[in-house]
There are 2 protein chains.
Amino acid sequence: MLTACSTIGVAHEERIDACHSAPRSEQLSGTGTVPAVVMSYAADERVFGQGMPRRFVYKVKSGVVRTFTLLGDGRRQIDAFHFPDDVFGLELNDDHSLSAEAVAATQLLVFQRSLIDRAAENNCAMAQELLSLTGRTLERTRAQVVLSRRSAIERLANFLLNLGSRVGTETSVDLPMSRYDIADYLGLTIETVSRMLSELERIDAIVLTTTRHIVFRDRVKLTVLSNPPMG
Amino acid sequence: MLTACSTIGVAHEERIDACHSAPRSEQLSGTGTVPAVVMSYAADERVFGQGMPRRFVYKVKSGVVRTFTLLGDGRRQIDAFHFPDDVFGLELNDDHSLSAEAVAATQLLVFQRSLIDRAAENNCAMAQELLSLTGRTLERTRAQVVLSRRSAIERLANFLLNLGSRVGTETSVDLPMSRYDIADYLGLTIETVSRMLSELERIDAIVLTTTRHIVFRDRVKLTVLSNPPMG
DNA sequence: CGCTAGCTTGAATGACGTCAAAGCGAGTGG
DNA sequence: CCACTCGCTTTGACGTCATTCAAGCTAGCG
């Protein structure tokens with residue numbers, strides 16, 4: 001009955017509507033619970049699309065999601081990768097200004113936007129939570145602006161360290177995303193990403209055991225390159 | 001009694017504390033009023049500094065303010081210019097992550113942060129307003145990330161059009177800020193800004209009647225260059 | 001074993017930054 | 001009123017770094 005038509009960009013929402021499993025009370029963040037259902041997405045499956053009505057808010061249960069903007073010239077700016085416990089789909093307007101896709105097999109908690117909005121109108125704690133989430137997103141986006149002025153190798157070092165702190169161990173990290181994804185996130189080309197990874201390996205900062213698995217060999221070198229802004 | 005020591009970065013706040021003029025009820029945004037006092041700032045005078053306790057929230061009454069980050073290597077990333085009716089100094093943390101300075105002679109409405117926070121705890125409408133302001137800031141910051149992938153001339157065309165829509169007329173705009181400010185906002189050097197302005201003049205998109213006054217000669221050319229992202 | 005998609009590597013191009021010098025304009029003092 | 005000066009701006013020559021174009025390579029899979 002439900003054919004594979006994720007490219008149309010609506011099927012996933014029909015699937016959510018058709019999901020008759022009982023919503024469970026789940027935390028969006030911090031305090032307060034809201035009913036939510038769990039949905040599964042295959043790699044590269046669309047979650048929502050730019051310009052579509054913003055009916056749901058999402059929280060990653062497992063897997064990874066990318067949110068991105070498609071530019072006029074066909075290029076793609078990846079806004080953020082969302083890992084377990086991250087909330088996304090929370091915006092100001094009634095329509096999405098970004099698109100979202102699963103990077104790998106992913107499970108999401110799906111909240112009705114109307115329920116969250118209603119909760120925020122009656123309950124200042126919920127409104128504060130939304131403010132806090134948006135504020136944190138703003139901080140990360142500002143950091144991205146600052147990063148975008150730095151060199152390719154610095155951006156990549158910073159990216160690997162951040163990724164490691166989210167989904168890696170002390171000594172290594174598995175890249176859930178392709179070189180294309182990394183390039184579109186950092187504002188580089190896949191060739192440059194590849195070259196800089198090779199360069200990081202050449203200076204013994206990392207080892208690429210496979211194309212998707214990175215071992216941190218010298219965190220200090222990475223940290224110096226990542227060189228966070230300060231006053 | 002109060003010596004000129006704005007470089008220390010505290011004098012301005014002492015001045016606010018010492019201001020015994022009766023606070024008037026003022027709108028932060030939309031609905032709801034909060035007591036505020038008016039403060040005047042000279043060109044380049046500091047409003048607050050990175051790392052300082054975040055005691056106030058500001059709204060521009062007249063003039064222009066720049067908020068910026070100082071990077072480890074001494075470079076400066078201007079985060080935003082704030083024009084009349086813009087609110088700034090609203091962040092997530094208890095300390096400022098940005099610095100703020102007047103670009104030109106400026107008057108600000110100064111609100112106590114504690115009053116605003118208290119209002120937001122008891123009054124969901126105020127909390128919603130803060131959320132809306134932060135959301136709008138986030139949108140602008142995202143647009144900056146997207147812009148930072150584009151060429152120098154495109155960034156500049158986009159900047160001039162945005163500036164024109166805020167403080168210009170149909171046909172012209174006065175630049176309140178220096179080439180340094182523009183460069184640090186767009187992530188370019190002053191030389192490149194200057195070259196691109198000359199280039200825009202060469203292709204008859206604008207005319208620079210003085211270094212600070214720009215006449216729009218062909219808005220279409222600017223718009224095509226500015227070429228907003230779309231899906 | 002060969003195919004394909006994703007990744008890596010190389011060489012040439014181009015955009016912006018850097019360094020250097022000259023131009024311009026507003027304020028100052030003669 | 002004019003010459004001088006200082007800071008900002010413009011312009012030029014050149015270097016650097018990321019992109020582009022073009023092969024090759026590798027790993028997963030039929």
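Letters go in sequence order (proteins before strands), and every chain restarts at 1.
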Verdict with reasoning, Ser194(B) to Leu197(B), per side-chain contact (heavy atoms from CB on, under 4.5 Å): CA-CA 5 Å; Ser194(B) 184; Leu197(B) 284 172; 5.7 Å; no
For atom [atom1] of [X] and atom [atom2] of [N], their distance in whole Å:
X	N	atom1	atom2	result
Arg202(B)	dT10(D)	CZ	P	16 Å
Leu200(A)	dT8(C)	CG	C1'	15 Å
Ile153(A)	dT16(D)	CD1	P	17 Å
Asp44(B)	dG7(D)	CG	C1'	13 Å
Arg149(B)	dA15(C)	CZ	P	19 Å
Leu208(B)	dG23(C)	CG	C1'	15 Å
Leu197(A)	dC7(C)	CG	P	10 Å
Met196(B)	dG14(C)	CE	C1'	12 Å

Carboxylate-amine/guanidinium contact Arg140(B) Asp79(B), below 4.0 Å: no
Check: Phe81(A) ring centroid to Tyr185(A) ring centroid under 6.0 Å: yes
Pair Val64(A)-Arg66(A), side-chain contact (heavy atoms from CB on, under 4.5 Å): steps then yes or no: CA-CA 7 Å; Val64(A) 191; Arg66(A) 58 179 172 250; over 6 Å; no
Intermediate values then yes/no, side-chain contact (heavy atoms from CB on, under 4.5 Å), Leu163(A) and Met177(A): CA-CA 11 Å; Leu163(A) 192 68; Met177(A) 72 287 286; 4.0 Å; yes
DNA chain C-proximal residues of residues 173-194 of chain B, any heavy atom under 4.0 Å: Gly187(B), Leu188(B), Thr189(B), Glu191(B), Thr192(B)
Touch class at under 4.0 angstrom, heavy-atom based, for Ser198(B) against every strand present: sugar-phosphate
Sugar-phosphate only, base, or nothing, as touched by Arg155(A) at under 4.0 Å among non-hydrogen atoms: nothing
Stacked cation flag Arg15(A) on Tyr41(A), 6.0 angstrom / 45 deg: yes
Within-4.5 Å side-chain heavy-atom neighbours: Arg75(B) and Asp73(B): yes
No-H, no-angle donor-acceptor pair, Arg195(B) side chain to dG12(D) base, under 3.5 Å: yes
Which atom pairs link the protein and nucleotides 26-28 of chain C when you take only N or O atoms and keep those under 3.5 Å?
none

Exercise: do Ser97(A) and Glu139(B) side chains pair donor with acceptor under 3.5 Å: no
Test side-chain contact (heavy atoms from CB on, under 4.5 Å) applied to Val65(A) and Val103(A), Asp86(A), Leu108(A), the passing residue: Leu108(A)
